[in-house]
Amino acid sequence: MKTSPAETAANAIIDDSWIELRRHTAARLALGRSGASLPTRAVLAFDLAHAQARDAVHLPLDVDALTAALSAQDWPLLVVRSRASERSAYLARPDWGRRLAAESATRLSEAVGSNGADIAIVVGDGLSSTAVQAHAAPLLRALRPLLSGFSLAPIVIARQARVALADEVAELFGARLAICIIGERPGLSAADSLGAYLTYAPKVGRNDGERNCISNIRPAGLALEDAAQQIAALARAALSKQLSGIALRFDPNLPAPAVVAMTQDP
Amino acid sequence: MRLQHAVGARSYVFRDLRELLAKASPARSGDALAGLAASSDEERIAAKLVLADLPLTRFLDEALIPYEDDEVTRLIVDTHDAQAYAPVRSLTVGAFRDWLMSDLASTDVLTALAPGITPEMAAAVSKLMRNQDLILAARKCSVVTRFRNTLGLRGRLAVRLQPNHPTDDPKGIAASILDGLMYGAGDACIGINPVTDEPAKLAALWRLLDELIRRFEIPTQSCVLAHVTRQIDAINNGVPLDLVFQSIAGTEATNRSFGIDLRLLREAQAAAQSLKRGTVGSNVMYFETGQGSALSADAHHGVDQQTCEARAYAVARAFQPLLVNTVVGFIGPEYLFDGRQIIRAGLEDHFCGKLLGLPMGVDVCYTNHAEADQNDMDTLLTLLGSAGVNYVMGVPGADDIMLSYQSTSFHDALYLRELLGLQRAPEFAAWLHRVGITDDAGRLATTRAAALPQLTAFAEGASI
């Protein structure tokens, strides 16, 4: 039987007959092959996911848009930045992302009243501006009524921020608890995950073992309403037990934690 | 000998061997983060010039991390083989590089030399080597290991099949295993990074792999990469386990941050060997390493990250492992910033491990916040294939959906086989042919494999 050139070209791809197994996993299996190589479609699908992840890391947080969204919810706001002046410095030097730039520290000190607050909330760009841009405002809207019994410091929006930056902010506010809402390191399957990190008695030098983390906060992961409930429950527990971190994590009275990120330090 | 070098009117002085090694290291973000890196390119080359004239023996006389303070140092010093070292004893580091590149350093000579080389010597000479030197010298090294198949033979490349799943779902894991087997991957091992740390759930994963390997008579070995204490407990509870895995590092304090020490690793090796599950050999250990772990644990003692990494290989070789791989780009851009640094580190790690006598594989990988992409991984993979890497990773579509990083795919291994004519481990290759996955030439068959229906039924029926 003769085949036309077009049919021959179409036959370059060898499909995988076990494609139904994809329903058991999000792994990129049964991609087929052209010789030893991936088919064009699979190459570009991967590249698109990687491009979205890179954009999440590298596109700057639109602070004006976030400020507008949070102002519409009547949050008092302050904007600060870390000692990492731009993204490549941020990526290479996590220690710079954990500390406030000098002028930001000065401005915060001037803005702080002397009374302290129960909770200081910091919204940091972290490793995904995409996540913060899309989900931070709705998450805070859901969280606000759940924290109504506590006094809150003004919300601080932080650029080029790592989790520990919230320690310095909260220490300046004299707050008893820091909540850092921050963009998580994007994966190929999701570039828009937020993490929430809670630290009791926050101060510069706290380590990750002294925090609790709720991870994978996004509409297709841990839903924002559920995340807000978990954050509020952890906040109440931390403030009443006066601790956070590993000692709090194993409390059976707390809601089951979401997946705890073990491998990243956003 | 003073550690100093004059360039024109400027004199560079290096305080000690640690500072000299750190400043002679090719630039990478982790050493800058640690405050150890050379402050200029000229200072870096001045350090290399001093290092080139340094007698190798100086590393035997002067420990980077004190003997009294660190059991890895004690291991290095106490197990050094002076007789094996004799052929290079009189050389400087620079002359050692020349010797390595010469025809004097044949495969047999390098095999005999390995117990006489310390990690510091390997790290030092690697800092004077260009990428092509690291590739050519590593290619001359041969390290063959055995459990249910034979790994590391010349002209062969193995793949660890890595079928991770974000909830350890058995059907999801089995589906990825099937995908890998149908692409001819899995001879290094089938190794799952579990999400769970619960003994009962871990045991179910070991049983899943054991059932698969026994039912289909696959000449490979299983591994579930839990903490070593979980694996010892599993052995004591009669769980069918092949390889014992652990992440290791090059300082005692870093290993302690991993919850391990040498005594615990000895216990694990003895426990795994007591099972006698290997059919063609008894290399039962699997180790992973990676530059930057000591700094990450704040336990580097002022030693640069590449030298710390080489010291991890001294830990590994004390346990005759089946597999060792550096997870080179996993740790992130604060340690290896971009594709260029990841490629260099991958070649360094592979060379140093091979020179020290280890069956080195490399997890050619990166994260989404590193300045790297698939093209960088193609470059490193191709270079490592040329350098004779024992094995690489096989992840469906290069996308690990549990660990959220990009490694190499089953297709990537096929590419390397096609390009360089590399075959699989002989026992595994024979199995693939027998079940119809590969043809007579060892390439993937274009007809449907006889084993596919039963393998599909296994995956569909997998449960815990």
Side chain, backbone, both or neither: which part of [X] has an atom under 4.5 Å from a heavy atom of chain A?
X	result
B/Ala370	backbone
B/Ala34	neither
B/Ala174	neither
B/Asn164	neither
B/Leu419	neither

Task: A/Arg185/B/Ser404 under side-chain contact (heavy atoms from CB on, under 4.5 Å): CA gap, chis, key distance, verdict - done: CA-CA 9 Å; A/Arg185 195 185 84 197; B/Ser404 281; 3.9 Å; yes
TODO: Select one option (side chain, backbone, both, neither) describing which atoms of A/Ser128 are under 4.5 Å from chain B's heavy atoms.
DONE: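 For A/Ser128, no heavy atom lies under 4.5 Å from chain B.
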- [ ] Measure distances from A/Ala42 to the heavy atoms of chain B and classify the residue's part below 4.5 Å as side chain, backbone, both or neither.
- [x]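 Answer is neither: A/Ala42 stays 4.5 Å or more from chain B.
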Residue pair [X] / [Y]: nearest heavy atoms and the distance that separates them:
X	Y	answer
A/Thr25	B/Ala175	CG2-CB, 4.2 Å
A/Arg54	B/Asn368	CG-O, 4.3 Å
A/Ala36	B/Tyr415	CB-N, 3.9 Å
B/Glu334	A/Pro94	CB-CD, 3.4 Å

Task: Trace of the side-chain contact (heavy atoms from CB on, under 4.5 Å) decision for B/Tyr183 with A/Asp16 - done: CA-CA 10 Å; B/Tyr183 273 87; A/Asp16 294 329; 2.7 Å; yes
Crowded around [X] [atom1]? As in, over 12 foreign heavy atoms under 6.0 Å?
X	atom1	result
A/Arg28	CZ	yes
B/Asp298	CG	no
B/Gln454	CD	yes

Given the options [options], which has more heavy-atom pairs under 4.5 Å with chain A than any of the others?
options	result
B/Asp373, B/Leu455, B/Ile401, B/Val395	B/Ile401
B/Leu416, B/Ile173, B/Leu452, B/Leu414	B/Leu414
B/Pro163, B/Ser29, B/Ser176	B/Ser176
B/Thr367, B/Asp400, B/Thr456	B/Thr367

Beyond-backbone contact of [X] with [Y], side-chain heavy atoms, under 4.5 angstrom:
X	Y	value
B/Leu33	A/Arg93	yes
B/Glu371	A/Leu91	no
B/Arg448	A/Ser17	yes
A/His24	B/His165	no

Open item on the list: Using a 4.5 angstrom heavy-atom cutoff, name the option from A/Leu21, A/Ile14, A/Val57 with the most pairs to chain B.
Closed with: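 Most pairs with chain B among the choices: A/Leu21.
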Task: OG1-CG distance between B/Thr446 and A/Asn11, expressed to the nearest 0.5 angstrom - done: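 So the gap between those two atoms works out to 11.5 Å.
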TODO: Measure the spacing between OG of B/Ser409 and CG of A/Leu31 and express it to the nearest 0.5 Å.
DONE: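 It comes to 8.0 Å.
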- [ ] Can you check whether anything in residues 80-87 of chain A gets within less than 4.5 Å of chain B, heavy-atom wise, and list it by number?
- [x]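 Residues qualifying by a heavy atom under 4.5 Å from chain B are absent, so none.
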Task: Pair B/His369 + A/Tyr90: ring centers closer than 6.0 Å - done: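 Not close enough - the centres of the two rings lie 6.0 Å or further apart.
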Open item on the list: Tell me whether B/Asp179 contacts the main-chain N or O of A/Leu29 through its side chain, where contact means a donor paired with an acceptor under 3.5 Å.
Closed with: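 Judged by distance alone, no pair lies under 3.5 Å.
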TODO: Check the pair B/Gln406, A/His50 against side-chain contact (heavy atoms from CB on, under 4.5 Å), reporting the backbone distance first and the verdict last.
DONE: CA-CA 10 Å; B/Gln406 285 88 256; A/His50 186 232; 3.8 Å; yes
